[in-house]
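Here is the structure we will look at.
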Amino acid sequence: MAARAALRRRYRASVPARLRLLRAATVLLAGALAVLMVIAGITALGTWNSVAERDAPRTTSAADLDLVLNDMDAQAANILLSSGDAGRGRLKTPYDKAVGLYGDARRDIGHDLRALAVAAQGSRADEKTVESLTDGFAEYQELIGRALENDGRRGGKAAALGDHRRATDLLRGELLPAARSLVSSNDAAFDDTYTSARSTLGAQLATVVALGVALLAVLGVLQWYLARRFRRIVNPGVLAATVCALLAVVLGGRMLSATSDHLRVARHDAFDSVVALSRARAVAYDANADESRYLLDPERRPQYEDSFLAKSQQLYGMDGSTLTTYDKELATTWQVYRADHDDLRFTGEFRRELDNITFPGERPAAERMVDAYAVYQRDDRKVRSLLAAGEEREATEFCMGWEPGTSNAHFGAWMAALDQVAGINRAHFTLSVHQGRSAVSGPLPWTGGLPVIAALLTLLGLRPRFGEFR
């Protein structure tokens, strides 16, 4: 009798102790899971805010600055080309258009510099670059202002050309390299954010799975122990807690994996193309400016011709091409590519975009962009042939005209086609950001709350069992 009473006392002492241990393990694991879910969700939302409000805008602002600096210099050259001699012999429509576009570009540069100054805060190297750009742009405006002033005087074209040369040299030697360094540094910072965020999401997902499996295992052991010791098939509270824990793990895992997927689409599928196309647009404006400089400055024509070819190769590069052979080789390689998208006969920013085709409608839009580019390239050869034939005014009118069939009209059509491709990628970038935020903000209350509910249900489910030992 005494031995049986001792066994009963030991049993009554050991069962509550084991239940307390399992209860504590459940509460601790559920609490850790809830805290991890909340931290992961807040971190993911912070990443999306950084991507949408800082990383992407400062990269595109730097690319826009590169573009409008080139456009401003092109329009300055166009003003000098079309102004005549102190207004005599002026090409009115091209002149008025150039004056308006010059003013627009100057305002856009001021806006981009202010935006980049804000974005550069915290990076001393970028701050110095923006300061240098601001000072250099002031000097550039002073030189162009002097050129336009000289051009307004009869016989002042030579002095105006000298001032424009110095302004162009400043632009090409200091301002454009600085702007392009900002594009590269801001894009690299965005990529660092992306890489770090994806790594963090992967680690968080692995931890969620590990904690979830541990929590479900403890709840399983608890259910088995209750069934064995108390002769009950199932404990409703623990069963409900298990369901809550399982839902928390599934929802949390989906939240983190969906965030990672949307981040990949936003950064690589969409924004890589946005960057490539932004660079292409800036290079296009630089090439178009070289064409105007070529007409304006006879002494530097070989330099600007080589520069135009180099920029053409940046866009659609083919080994060994010259301006004489470029059109034919472009037509041949492009025809081959249309038949076989894996053909590697050309490189450049257009190739970078074509190798990253992802979204519906993107390929036909990109192909239309290259078709429009080919038309613009043929126009360039016409400008040079007219000039070589001594028809300088006709070359200038064709280069600067906005009527259908002229070079500027075809350039505008090319930029519209490029903008359409960029617009597709920007739209999907914006959509991915929205979907990424929704993938977090929607399930976050549940993923953080369900483990807490699981812990409370476990406590409630065990309460009657502890009452049996009082």
Side-chain angles (χ1 to χ4, degrees), residues 67-68 70-105 144 147-148 150-165 167-168 283-309 311-312 323-324 326-327 371-418:
L67 184 155
V68 290
N70 279 305
D71 191 33
M72 185 175 177
D73 197 59
Q75 300 312 324
N78 288 340
I79 291 170
L80 297 177
L81 269 172
S82 59
S83 63
D85 185 5
R88 296 177 64 184
R90 175 176 293 172
L91 301 174
K92 182 170 174 29
T93 300
Y95 178 83
D96 291 342
K97 191 81 171 178
V99 169
L101 292 173
Y102 176 86
D104 292 342
I144 291 295
L148 297 178
N150 286 327
D151 189 55
R153 295 196 299 267
R154 185 167 295 181
K157 189 70 75 178
L161 180 57
D163 291 325
H164 183 263
R165 279 181 182 171
T168 298
V283 171
Y285 272 78
D286 199 1
N288 199 45
D290 278 333
E291 202 172 60
S292 297
R293 296 169 189 137
Y294 177 86
L295 288 170
L296 177 65
D297 195 341
E299 290 183 20
R300 289 190 172 187
R301 278 176 184 165
Q303 173 186 335
Y304 291 137
E305 184 173 288
D306 291 343
S307 181
F308 182 91
L309 176 60
K311 293 176 180 69
S312 299
L323 283 180
T324 304
Y326 191 88
D327 291 344
D371 289 339
Y373 170 72
V375 173
Y376 173 76
Q377 283 288 337
R378 291 194 293 271
D379 286 348
D380 174 76
R381 256 46 100 216
K382 182 176 179 178
V383 170
R384 296 177 200 277
S385 65
L386 286 170
L387 195 62
E391 301 177 18
E392 186 168 343
R393 185 175 179 88
E394 289 78 2
T396 301
E397 288 176 342
F398 179 73
C399 178
M400 296 183 59
W402 291 91
E403 297 80 10
T406 59
S407 181
N408 267 345
H410 288 152
F411 181 78
W414 172 29
M415 291 299 97
L418 189 152

side-chain hydrogen bond (donor to acceptor under 3.5 Å, both in side chains) with R300: which residues, sequence neighbours excluded?
D169, Y304
Could you tell me whether E392 atom CD has more than 12 heavy atoms of other residues or ligands within 6.0 Å of it?
no
Applying side-chain hydrogen bond (donor to acceptor under 3.5 Å, both in side chains), name anything that partners S292, two or more places apart in sequence or on another chain.
N78
Contacts of type side-chain contact (heavy atoms from CB on, under 4.5 Å), residue D71, not counting sequence neighbours:
Q75, A105, Y285
ring-ring contact (aromatic ring centres under 6.0 Å, His included) filter on Y376, not counting sequence neighbours, yields F411, W414
With sequence neighbours excluded, tell me which residues meet side-chain contact (heavy atoms from CB on, under 4.5 Å) with A289.
A74, R293
Taking atom CG of L386 and atom SG of C399, what is their separation to the nearest 0.5 Å?
10.5 Å
Among all residues two or more places apart in sequence or in another chain, which pass the salt bridge (Lys or Arg N to Asp or Glu O under 4.0 Å) test with D163?
R146, R166
Going by atom type alone, with no hydrogens or angles, which donor-acceptor pairs under 3.5 Å involve a side-chain atom of residues 92-104 and a protein atom two or more places apart or on another chain?
residue : atom : partner : partner atom : Å
K92     : NZ   : D96     : OD2          : 2.7
D104    : OD1  : R107    : NH2          : 2.5

State which residues pass side-chain hydrogen bond (donor to acceptor under 3.5 Å, both in side chains) with R165; sequence neighbours excluded, sorted by chain then number.
D297, E299
Correct closest heavy-atom pair for P298 and P302 would be O-CD, 4.4 Å
For R378, check side-chain contact (heavy atoms from CB on, under 4.5 Å) against everything at least two apart and list the hits.
D327, A374, V375
Sorted by chain and residue number, the side-chain contact (heavy atoms from CB on, under 4.5 Å) partners of L80 (sequence neighbours excluded) come out as L148, D151, A160, H164, L296
Ignoring hydrogens and geometry, is there a side-chain-to-backbone donor-acceptor pair from S385 to R381 under 3.5 Å?
yes
Pair listing, side chain to side chain donor-acceptor pair (under 3.5 Å) test, anchored in residues 396-409, at least two apart:
R393-E397
Report the distance from atom CZ of F398 to atom CG of L295, rounding to the nearest 0.5 Å.
11.5 Å
